[in-house]
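A quick note: this is a predicted structure, and the numbers were derived from the prediction, not measured.
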2 protein chains.
Amino acid sequence: MSRSGADLALLLLGGYRSLVDAATSELAAGGYEDFKPVHEFALRAIVAGADSASDLGRRTSVSKQAAAKTIAILIERGYVVSKPDPDDARRKRLEVTSLGAQVMARGEAILEKSRNKWEQQIGPTELANLEARLAELVGDAAIRVDAPGWVAQDPRY
Amino acid sequence: MSRSGADLALLLLGGYRSLVDAATSELAAGGYEDFKPVHEFALRAIVAGADSASDLGRRTSVSKQAAAKTIAILIERGYVVSKPDPDDARRKRLEVTSLGAQVMARGEAILEKSRNKWEQQIGPTELANLEARLAELVGDAAIRVDAPGWVAQDPRY
DNA sequence: TCAATATAGACAACAAGGTTGTCGAATGCA
DNA sequence: TGCATTCGACAACCTTGTTGTCTATATTGA
């Protein structure tokens with residue numbers, strides 16, 4: 001059963017998918033409707049310091065206009081507020097609300113639960129090894145939060 | 001460096017991404033412009049037996065209309081032809097052309113090359129182990145070709 | 001047998017989430 | 001001071017999905 005490169009790609013996608021699916025559907029069930037990974041990524045980026053639309057766009061590899069649309073949704077749903085920047089009248093400073101922090105924490109918890117389930121399935125050592133190898137292969141690419149542009153959209157290259 | 005569930009998800013996405021990015025950009029460089037994973041998946045599904053638009057839609061977890069649009073593109077580019085079905089006047093039978101077969105083979109080859117590179121990075125044993133564990137965790141979900149609906153679109157849950 | 005039902009594919013309208021281009025206002029630098 | 005840059009907003013558009021509706025053809029079951 002020598003696997004092909006295509007199979008490998010599908011396995012990786014399947015893994016990501018199963019984790020994210022679980023998270024998103026559980027979040028929806030928990031009252032956070034229509035909260036998609038893109039939103040999660042955006043919140044993460046904002047917490048990480050992307051405090052303006054242009055900034056968020058840069059960090060998530062997306063146009064500032066697209067970022068602004070996402071922000072509008074997050075604001076509308078109360079996950080983020082924007083206040084005028086006292087130091088730069090052009091900017092609007094973004095802040096994650098406590099509701100936003102809640103949904104992020106909830107998402108983390110669900111992902112953590114999935115990871116624990118995986119740990120039980122193949123054992124902590126194997127999972128740790130899998131993560132370590134993946135980290136080795138993927139390297140920094142996984143850490144960059146430019147995923148949303150990539151996730152939401154179809155592959156642009 | 002205890003990894004979180006979120007990190008794990010990003011690692012998996014990053015892995016898939018790096019494989020697919022390489023494939024799509026190399027295909028583009030090789031003259032197959034705008035050939036996206038969705039198309040690859042559709043071709044695979046057609047080869048696997050999805051010989052009508054409705055059928056393809058079902059197999060790829062997408063509406064028949066969406067499938068029809070994808071098919072239209074594939075036909076336009078010469079990767080697929082459609083002929084009236086002699087047994088059912090409603091249907092149009094899909095067939096992958098030799099050009100379609102070519103692009104698939106090329107894609108496979110590129111993915112294979114990426115996989116080999118990974119093999120060199122972490123060793124054949126480790127990669128095989130990684131694949132085996134992933135297969136264990138993801139199970140059938142990876143084999144279902146319903147990925148395109150999931151890939152192309154933004155995460156719907 | 002034949003009427004009811006289901007399916008194929010086409011067409012239209014629309015939604016989501018991107019893109020580029022443009023603009024006025026505010027900032028920063030030479 | 002004045003010019004280039006950046007911010008956010010707005011508009012138009014593209015892609016890839018979605019539903020809904022329609023006609024033609026099959027299939028099924030009373």
With sugar-phosphate meaning primed atoms plus P, OP1 and OP2, does B:A53 contact a base, only sugar-phosphate, or nothing at under 4.0 Å between heavy atoms?
sugar-phosphate
Do B:I73 and B:L27 belong to the same hydrophobic cluster, where Ile, Leu, Val, Met, Phe, Trp and Tyr are linked whenever their side-chain heavy atoms lie under 4.5 Å apart, directly or via other members?
no
Same hydrophobic cluster for B:V81 and B:V103, using side-chain heavy-atom links shorter than 4.5 Å among ILVMFWY?
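Unlinked, B:V81 and B:V103 end up in two clusters.
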Output one line per pair: protein atom, nucleotide atom from nucleotides 23-30 of chain C, and distance, for all N/O pairs under 3.5 Å.
unit_1	atom_1	unit_2	atom_2	d
C:dT27	OP1	A:A89	N	2.9

I'd like to know whether CZ of B:R77 has more than 12 heavy-atom contacts from other residues, nucleotides or ligands below 6.0 angstrom.
yes
How many angstroms lie between atom NZ of B:K64 and atom OG of B:S52, to the nearest 0.5 angstrom?
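So the gap between those two atoms works out to 10.0 Å.
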Is any side-chain N or O of [X] closer than 4.0 Å to OP1 or OP2 of [N]?
| X | N | value |
| --- | --- | --- |
| A:S63 | C:dT20 | no |
| A:S54 | D:dC7 | yes |
| B:S82 | C:dG9 | no |
| B:R93 | C:dG9 | no |

Between atom [atom1] in [X] and atom [atom2] in [N], what is the gap in whole Å?
| X | N | atom1 | atom2 | result |
| --- | --- | --- | --- | --- |
| B:R58 | C:dA6 | CZ | P | 15 Å |
| B:D34 | D:dC14 | CG | P | 15 Å |
| B:R77 | D:dT15 | CZ | C1' | 12 Å |
| A:D85 | D:dG8 | CG | C1' | 13 Å |
| A:K92 | D:dT6 | NZ | C1' | 15 Å |
| B:L56 | C:dT7 | CG | P | 18 Å |

Please state whether the rings of B:F35 and B:Y79 are parallel, tilted or perpendicular, taking 30° and 60° as the class boundaries.
perpendicular
Is any side-chain heavy atom of [Y] closer than 4.5 Å to one of [X]?
| X | Y | result |
| --- | --- | --- |
| B:R93 | B:P86 | yes |
| B:L130 | A:L134 | yes |
| A:F41 | B:L10 | yes |

A:A66 has its side chain closest, among C:dG9, C:dG18, D:dT18, to C:dG18
From the options D:dC7, C:dG17, D:dG17, select the nucleotide whose nearest atom is closest to the side chain of A:R91.
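Out of D:dC7, C:dG17, D:dG17, the nucleotide with an atom closest to A:R91's side chain is D:dC7.
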At a cut-off of 3.5 Å, list every protein nitrogen or oxygen paired with a nitrogen or oxygen from nucleotides 10-12 of chain D, distance to 0.1 Å.
none

Scan A:K113, A:R115, A:R44 and name whichever one has a salt bridge (Lys or Arg N to Asp or Glu O under 4.0 Å) with A:E108.
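When salt bridge (Lys or Arg N to Asp or Glu O under 4.0 Å) is applied between A:E108 and each of A:K113, A:R115, A:R44, only A:R44 qualifies.
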